[in-house]
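Every chain is numbered from 1, with letters handed out A, B, ... down the list of sequences.
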Number of protein chains: 2
Amino acid sequence: MQTAAQVDDRVFTALADPSRRAIFESLTRGEAAVKELTARFAISQPAVSQHLATLRAAGLVHGRREGRSVYYRVAPGGLRPLVDWITQYRAFWTDSLERLERLLEKMDP
Amino acid sequence: MQTAAQVDDRVFTALADPSRRAIFESLTRGEAAVKELTARFAISQPAVSQHLATLRAAGLVHGRREGRSVYYRVAPGGLRPLVDWITQYRAFWTDSLERLERLLEKMDP
DNA sequence: GCATTCCATAAGCGATGGCTTATTGATGGA
DNA sequence: TCCATCAATAAGCCATCGCTTATGGAATGC
C-alpha cells in the first residue's frame with residue numbers, strides 16, 4: 001500500500017526542483033510534447049524526460065503517446081495531496097481564502 | 001532584492017525533506033525548544049538545529065531565545081508563498097474549495 | 001527493408017544534502 | 001569563578017540528485 005506521507009514526499013520532492021517546477025508550470029498552460037518542452041528549456045532531452053518521469057511518479061502529470069511523440073499534461077487532482085497538506089495548517093496562513101472557507105462551512109456544513 | 005521564485009524555492013526545498021516536514025508539523029501543535037524537538041525525533045541535536053535553520057531561512061518558523069533555551073514556533077504566514085503558488089493553479093485541483101472560491105469571487109468581486 | 005525522428009533508459013560525473021562527531025558560544029546556578 | 005546545560009557551527013562522510021553523453025526502442029516515411 002501507499003501511505004499519505006509517501007505521496008506527500010513524492011509531490012514535495014518533485015516540486016522542490018526549480019526545473020521541474022518550471023516544466024510543470026509550463027504544462028499548466030497546455031499540453032506539450034517532450035520535444036517542445038526540450039526546446040523551451042536550456043537542458044537536454046534526457047534531462048526533460050527524467051524530470052517528467054519524476055513528475056509522473058508523483059502523480060502530477062500524465063503522458064499520452066501519439067505516434068512518435070509523447071504529449072504530457074498536468075494531471076487533474078495531482079496537486080491534491082499538497083492542497084490537503086496545506087489545508088491541515090490553514091490556521092497558519094490566515095488570509096482571505098481561509099475566511100471564505102470558514103464562511104462556507106457555516107453556510108453548508 | 002528577493003524574487004518570488006527564490007522564496008518559493010526555499011519553501012519548497014525546506015518542506016521537501018521528511019524530517020523537516022515532521023519538525024514543522026510538530027511545531028504546529030505548539031512552540032517547542034530545540035531540546036524537546038531533539039527528544040521527539042531520532043536524530044542528533046545538531047541535525048535538528050540545522051533543520052530549524054533551514055526552516056527559519058524559508059520563513060516557516062521563528063526562534064525565540066529564553067535563557068539557555070531557544071523556543072521555536074511556526075511563523076504565521078510562512079506558508080503563504082506555498083498557498084499563493086498553489087492558488088495560481090487552482091484550476092488543476094478541482095474540488096469543493098475551488099468551487100467555493102469561485103462562488104465568492106462572484107459574490108464579492 | 002532502411003533511415004529518420006522522438007523519447008526513454010543507462011552510465012558516469014560533479015555538486016549538493018543530510019547526517020554524524022567534535023567544538024565553540026551563551027546562559028544560568030552553585 | 002567554575003561547571004553544567006542548551007544551542008549553533010565546523011568539518012567530514014556517504015548517499016542522492018541533476019546533469020551530461022551514449023545507447024536502445026518504438027513509430028513513421030521513403
Can a donor-acceptor pair be found between the side chains of A:S49 and A:Q45 at a distance below 3.5 Å?
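Yes, a side-chain donor-acceptor pair sits under 3.5 Å.
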
Would you indicate what [X] reaches in the nucleic acid, counting non-hydrogen atoms under 4.0 angstrom: base, sugar-phosphate, or nothing?
X: A:A33; result: sugar-phosphate
X: A:Y71; result: nothing
X: B:T38; result: nothing
X: A:S69; result: sugar-phosphate

Among [options], which nucleotide sits nearest the side chain of [X]?
X: B:R20; options: D:dT20, C:dC19, C:dG18; answer: C:dG18
X: A:R68; options: D:dA7, C:dA8, C:dC6; answer: C:dC6
X: A:K35; options: C:dC7, D:dA8, D:dT20; answer: C:dC7
X: A:P46; options: C:dT4, C:dC7, D:dA22; answer: D:dA22

Spacing of B:L79 atom CG and B:I86 atom CD1 [to the nearest 0.5 Å]:
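Spacing of CG (B:L79) from CD1 (B:I86) equals 9.5 Å.
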
Report the relative orientation of the aromatic rings in B:Y89 and B:F92; use parallel for angles under 30°, tilted for 30 to 60°, perpendicular for over 60°.
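Rings of B:Y89 and B:F92: tilted, as their planes differ by 30° to 60°.
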
Of all residues at least two apart in sequence or in a different chain, which pass the salt bridge (charged side-chain N to carboxylate O under 4.0 Å, His left out) check with A:R10?
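For A:R10, no residue satisfies salt bridge (charged side-chain N to carboxylate O under 4.0 Å, His left out) once neighbours in sequence are set aside.
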
Which residue lies toward the 5' end of DNA chain D, A:T13 or A:Q50, if each is placed at its nearest nucleotide?
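Its nucleotide being nearer the 5' end, the pick is A:T13.
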
Taking OP1 and OP2 of C:dC6, is either one under 4.0 Å from a side-chain nitrogen or oxygen of A:Y72?
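No, outside the criterion.
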
Looking at A:S44, does any N or O in its side chain come under 4.0 Å of the phosphate oxygens OP1/OP2 on D:dT20?
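True: A:S44 side-chain N/O within range (under 4.0 Å) of D:dT20 OP1/OP2.
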
Can you find a donor-acceptor N/O pair under 3.5 angstrom joining the side chain of A:Q45 to the base of C:dA8?
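Per atom types, the contact qualifies.
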
